[in-house]
Amino acid sequence: MTSIVEVRPITGDRQRRVYAITPKSRRRLQDLPRKALAAPPHATRSDFALALRWHALLESGEARELVAASSRALEGRRAEIAAGREAKAGLSPLADVLFENAEAHLAADAKLLEDIQRLLDR
C-alpha cells in the first residue's frame with residue numbers, strides 16, 4: 001500500500017519531521033468531492049454535504065460544473081419518476097403516496113442545488 005503522506009526528516013538544532021500529502025493522495029482527495037458533488041444530494045449513502053465543505057480543493061469553477069451535472073441528473077430522475085407515476089396511475093393509493101414522497105424529495109434536492117449554484121456564483 002502506498003503511503004498517503006511523505007515524511008521528510010529535517011536536521012538542525014533539533015531533529016523533526018515534516019509531513020506532506022503525496023501527489024497521488026492529493027488527487028484522490030480531490031476525486032472525493034468531485035464524485036460526491038456530481039451525485040444527487042440525498043442519494044443513498046451520499047457524501048454530498050461533506051464534499052460541499054471540501055469544494056475549495058477543486059479547480060476554480062469545477063464545483064459549479066459538478067453541481068450543474070448533479071442538477072441535470074436530478075432532472076432526469078424526476079422525469080423517470082413522473083413517467084413511472086403515469087404508467088402506474090390508479091393502481092394503488094400506496095403507490096401514489098410513494099411517488100409523492102419521491103417527487104417531494106427530488107423537488108427539495110432541486111431547490112438545494114439551485115441555492116448552492118447561487119452561492120457558488122458569488
Side-chain angles (χ1 to χ4, degrees):
M1 181 172 159
T2 317
S3 177
I4 62 169
V5 294
E6 299 171 336
V7 181
R8 295 184 217 137
I10 303 217
T11 56
D13 291 346
R14 58 190 176 127
Q15 213 173 23
R16 63 187 177 115
R17 292 185 183 130
V18 174
Y19 295 87
I21 190 168
T22 63
K24 181 178 179 179
S25 295
R26 182 171 305 282
R27 285 188 302 275
R28 175 70 178 123
L29 181 61
Q30 290 172 329
D31 286 344
L32 294 170
R34 281 184 182 117
K35 182 179 176 183
L37 287 173
H42 292 103
T44 306
R45 302 172 75 174
S46 174
D47 295 325
F48 190 90
L50 179 61
L52 191 58
R53 176 66 180 97
W54 289 354
H55 81 280
L57 294 171
L58 304 177
E59 299 294 324
S60 177
E62 188 176 6
R64 188 177 195 305
E65 293 169 14
L66 293 165
V67 171
S70 180
S71 292
R72 289 188 299 275
L74 188 133
E75 287 307 314
R77 183 71 183 128
R78 288 176 93 173
E80 291 170 0
I81 293 291
R85 185 174 193 164
E86 184 178 325
K88 295 177 180 173
L91 286 181
S92 162
L94 293 174
D96 291 338
V97 298
L98 290 172
F99 279 112
E100 287 173 16
N101 180 277
E103 290 167 345
H105 280 276
L106 293 172
D109 283 352
K111 169 77 167 77
L112 174 65
L113 292 173
E114 288 171 14
D115 291 345
I116 290 169
Q117 286 286 28
R118 183 177 39 78
L119 292 171
L120 290 174
D121 285 343
R122 286 186 176 176

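Keep in mind that the numbers below use all heavy atoms, side chains included, and drop hydrogens, waters and symmetry copies. All residue numbers in this chain count up from 1 along the given sequence.
- Here CD1 of I21 is found 10.5 Å from CZ of R27. Values are rounded to the nearest 0.5 Å.
- One finds the CG atom of L113 at 6.0 Å from the CG atom of L74 (value rounded to the nearest 0.5 Å).
- Atom CZ of residue R85 and atom CG of residue L91 lie 12.0 Å apart, to the nearest 0.5 angstrom.
- Between V67 and L120, the shortest heavy-atom contact is CG2-CD1, 4.1 Å.
- Between E75 and R78 there is a salt bridge, since at least one side-chain N of the basic residue sits less than 4.0 Å from a carboxylate O of the acidic one.
- Interatomic distance, NE2 of H55 versus CG of L66, reported as 11.5 Å (0.5 Å rounding).
- Of all heavy-atom pairs between W54 and P33, the closest is O-CG, 4.2 Å.
- Salt bridge D31/R34: present, at least one basic N to carboxylate O contact under 4.0 Å.
- Between the side chain of Q30 and the main chain of L57, a donor-acceptor pair closer than 3.5 Å is present.
- Using a cutoff of 4.0 Å between basic side-chain nitrogens and carboxylate oxygens, E80 and R77 are scored as salt-bridged.
- Within a 6.0 Å radius of CZ in R118, other residues, nucleotides and ligands contribute more than 12 heavy atoms.
- Under the 4.5 Å side-chain criterion, counting only non-hydrogen atoms from C-beta, L58 is in contact with L37.
- Atoms CG and CG, from L52 and L112 in turn, are 8.0 Å apart once rounded to the nearest 0.5 Å.
- Of all the heavy atoms in F48 and I116, the pair that sits closest is CE2-CD1, 3.5 Å.
- Here N101 pairs with H105 under the side-chain contact (heavy atoms from CB on, under 4.5 Å) rule; sequence neighbours left out.
- Under a hydrophobic-cluster definition in which Ile, Leu, Val, Met, Phe, Trp and Tyr are linked whenever side-chain heavy atoms come within less than 4.5 Å, directly or via other members, L106 and F99 are assigned to the same cluster.
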